[in-house]
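This chain uses plain numbering: 1 for the first residue, then up along the sequence. Scope of the values below: all heavy atoms of this structure, side chains included, with no hydrogens, waters or symmetry mates. All ligand and atom numbering here is 1-based and tracks the order in the structure.
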Amino acid sequence: MKVGRQVRTMQRNWIGRSKGVELSFIVEGASEPLNVFTTRPDTLLGVTYLAVAAEHPLALQAAEKNTEVARFLEACNRMETSEAAMDTMEKKGCSLGITATHPISGEQVPVWAANFVLMSYGTGAVMAVPAHDQRDYEFAKKNNLLIKPVIYPSLDEDIDLSEAAFTDKGVLKNSGQFDGLTSAQAFTEIAHFLTEKRLGSVQTNYRLRDWGVSRQRYWGAPIPIVNCVNCGAVAVPKADLPVVLPEGVELDAVGSPLKKMAAFYETTCPKCGGAAERETDTFDTFMESSWYYARFTSKDNDNVMLDERANYWLPVDQYIGGIEHAILHLLYARFFHKLMRDEGLVQGDEPFTHLLTQGMVLKDGSKMSKSKGNTVDPEPLIEQYGADTVRVFTMFAAPPDQSLEWVDAGVDGASRFLKRLWRLVMQHVEQGLPADDPVILSETLKTLRRQLHQTIEKVSDDMGRRRTFNTAIAAIMELINSLYKAECVNEAGRQVMQEALEAVVLMLSPIAPHICHVLWHELGHHDSIIDCRWPVVDASALVQQTVELGVQVNGKMRARIKVPVNSEKDFIKEAALKDDNVQRFVSDKTVKKIIVVPGKLVSIVVT
Ligand code: ANZ
Ligand code: ZN
């Protein structure tokens, strides 16, 4: 899956928008009805019990009178309640000894407490439909609870509930007035029925929890709020901003040291002037990392968060980060950007245009990490080979979105490559720079020039669009091989060599800036390479001037000839017959027929 789509899916799941119905079951003797949230109101007539979270008020109430319930809740308190843990742990429960009235059938259904119900989602209670929900099914089997099927693939098909629940949508049965409706129709009809009876309503729930942005820590941006007993939370007036944290703080104690620094927190209320306290919590670091990219555009402005430069630069063209940021950081940054948009600080809807999630650097197959002590410090390598070499090596080792196995020996290869380029430039400039008088290029030089411009085309695409720097470097390496082999002795040859070396140095300069800067000057320039334009593809150089054709005599390949593109057929026939090797097979025979397959083949038939 493309990363962009993958990240969007992860964010969508994280937000977890879910449309369902919230409905009430009346509990005999309880002051409040028991509310549940369901995404499958079509299964309502299949409800055979209700399950509440261990922290649910009904469970707590039952525990007061029932020691078994109390013990169960106690055990639940000790369990991990992360959703991941919930999925795999054993489903346990305990009857609360009470029943609730089914809103449609009027039947009494037992109420249980269960460890798989989250207090923090929906209403903290579920209507259990063991015939159509696998979790409810397992729980019902284990606790001998009723399983009542109400959804079937069609009216004349049966379902098999001996092994598992039937979780697909389908057609309703055993559901009284709703029999025969499809699941989708029943969603609407049952929601309507419950709304009319004031027993329920359509609800949209989100898995996403509120983002608590404050932390009880010293490090972090101060929250510019003053807490006043009379006025509540009051914003620090603009004139008093920024609130600056005290320095020289002792960080050894538990809890925030700010709470112990009266000099920091004792203040007066901006509203009523009474004694008040400054907020001692600071912002979560995610808070600032959610908009730093925007602040970069206006970093020297002390009066506002962002000025008009933000709209000039934003959105960020290319954002790079690890996949571990797919959800929290990237989602918060998007929220924050929309907040800034609504406040009129930025114009666009999204902070980043493209996302590249970089791979990991591996050493001996495992992730480099400080705790494992298997990290490589690039400093000694930079010391030994220079930063350019280390950069070429890293960029060449793998495409940026894949993991890279760090092999020290690879640095040597990168070093040899740069030295090769260095020698090629030096050999060339030793003979003085070529003049730029007009010249006629031989076929060989035209071919070389074609490879040069094909390389510019490929490298531009690899770097600019595909972001595969490794294949860009590989293409430059191939070009350098060809330049070594080429005999560029005459004026025309030296001009092509000059053009090629300039392009190579320009293309390599983002990756090996130092050496390229020097080579650029060696090639006769006085400006800085960093200010120079990227090389441009000469479309006319890409046109293949000659084409190679195979020549067969009586079906056997005997030669390959080169002819100018768009040659006349007669010219091609003549060229084929003139070839030395072809002559050996035709000279003493009679040519019966010559067939030319344009761009491919000449076939000669002799007897
Ligand atoms: C009855 C039912 C029948 C359900 C059926 C599903 C299938 P999403 O899509 O994630 O929103 N549920 C509701 N609140 C819960 C809680 N606090 N803890 C654990 N589970 C809870 O899931 C909604 C479904 O998850 C709800 O729909 C409910 O089970 C359960 F054939 O209700 B359903
Ligand atoms: Zn006040």
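At a 3.5 angstrom cut-off on N or O pairs, L118 counts as close to ligand 1. Residue D133 places no N or O, backbone or side chain, under 3.5 Å from any N or O of ligand 1. Annotation: R135 places an N or O atom under 3.5 Å from an N or O atom of ligand 1; distance criterion only. Of the N or O atoms in H132, none lie within a sub-3.5 Å distance of an N or O in ligand 1.
One finds an angle of 110° at the Zn ion (ligand 2) between SG on C269 and SG on C228, to the nearest 10 degrees. Centred on the Zn ion (ligand 2), the angle running from C231 (SG) to C272 (SG) is recorded as 110°, rounding to 10°.
Counting only non-hydrogen atoms, the option in F116, Y206, Y121 that gets closest to atom 11 (O) of ligand 1 is Y121.
With ring centers used as reference points, F296 lies under 6.0 Å from Y292.
The protein heavy atom nearest to atom 26 (C) of ligand 1 is F37 O, 3.5 Å. Ranking protein heavy atoms by distance to atom 5 (C) of ligand 1, first place goes to R40 CG, 3.6 Å. Ranking the protein heavy atoms by distance from atom 24 (C) of ligand 1 puts T39 OG1, 3.8 Å first. Scanning all protein heavy atoms for the shortest distance to atom 15 (C) of ligand 1 gives V126 CG1, 3.4 Å. In this structure, atom 10 (O) of ligand 1 lies nearest to the protein heavy atom R207 NH2, 2.9 Å.
With salt bridges taken as basic N to acidic carboxylate O contacts below 4.0 Å, one links D300 and R309. Electrostatic pairing of D349 and K338 does not count as a salt bridge here, judged by no charged N lying under 4.0 Å from a carboxylate O.
Atom 20 (N) of ligand 1 lies below 4.0 Å from at least one non-hydrogen atom of the protein.
One distance of note links CG of N174 with OG of S105; it measures 12.0 Å at 0.5 Å rounding.
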Please lay out, stage by stage, how K173 and D179 fare under the test salt bridge (Lys or Arg N to Asp or Glu O under 4.0 Å). CA-CA 5 Å; K173 280 200 205 177; D179 277 358; over 6 Å; no
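Using cut-offs of 30° and 60° on the angle between ring planes, the pair H102 and F25 is perpendicular. Note on ring orientation: taking the six-membered ring where Trp is involved, the planes of H329 and F286 are parallel (angle under 30°, cut-offs 30° and 60°).
When heavy-atom distances to ligand 1 are checked against a 4.0 Å cut-off, T38 comes that close through both its backbone and its side chain. Of all the heavy atoms of T43, the ones lying under 4.0 Å from any atom of ligand 1 belong exclusively to the side chain.
Close approach of ligand 1 to S18 (heavy-atom distance below 4.0 Å) involves ligand atoms 8 (P), 9 (O), 11 (O). Less than 4.0 angstrom separates some heavy atom of M127 from each of these atoms of ligand 1: 1 (C), 32 (O).
Within the structure, the closest approach of G122 to ligand 1 does not fall below 4.0 Å when heavy atoms are considered. At least one heavy atom of V117 sits under 4.0 Å from some atom of ligand 1. Using a 4.0 Å heavy-atom cutoff, M119 is absent from the residues neighbouring ligand 1.
Checking F283, W291, W211 one by one against Y332, the ring-ring contact (aromatic ring centres under 6.0 Å, His included) holds for a single residue, W211.
Other residues, nucleotides and ligands place no more than 12 heavy atoms under 6.0 Å from the CD atom of Q216.
Between the side chain of K148 and the backbone N or O of L45 there is at least one donor-acceptor pair closer than 3.5 Å.
Two residues are said to be in side-chain contact when any heavy atoms from C-beta on lie closer than 4.5 Å; P130 and F139 fail this criterion. In this structure, the side chains of L50 and V111 come closer than 4.5 Å at one or more pairs of heavy atoms.
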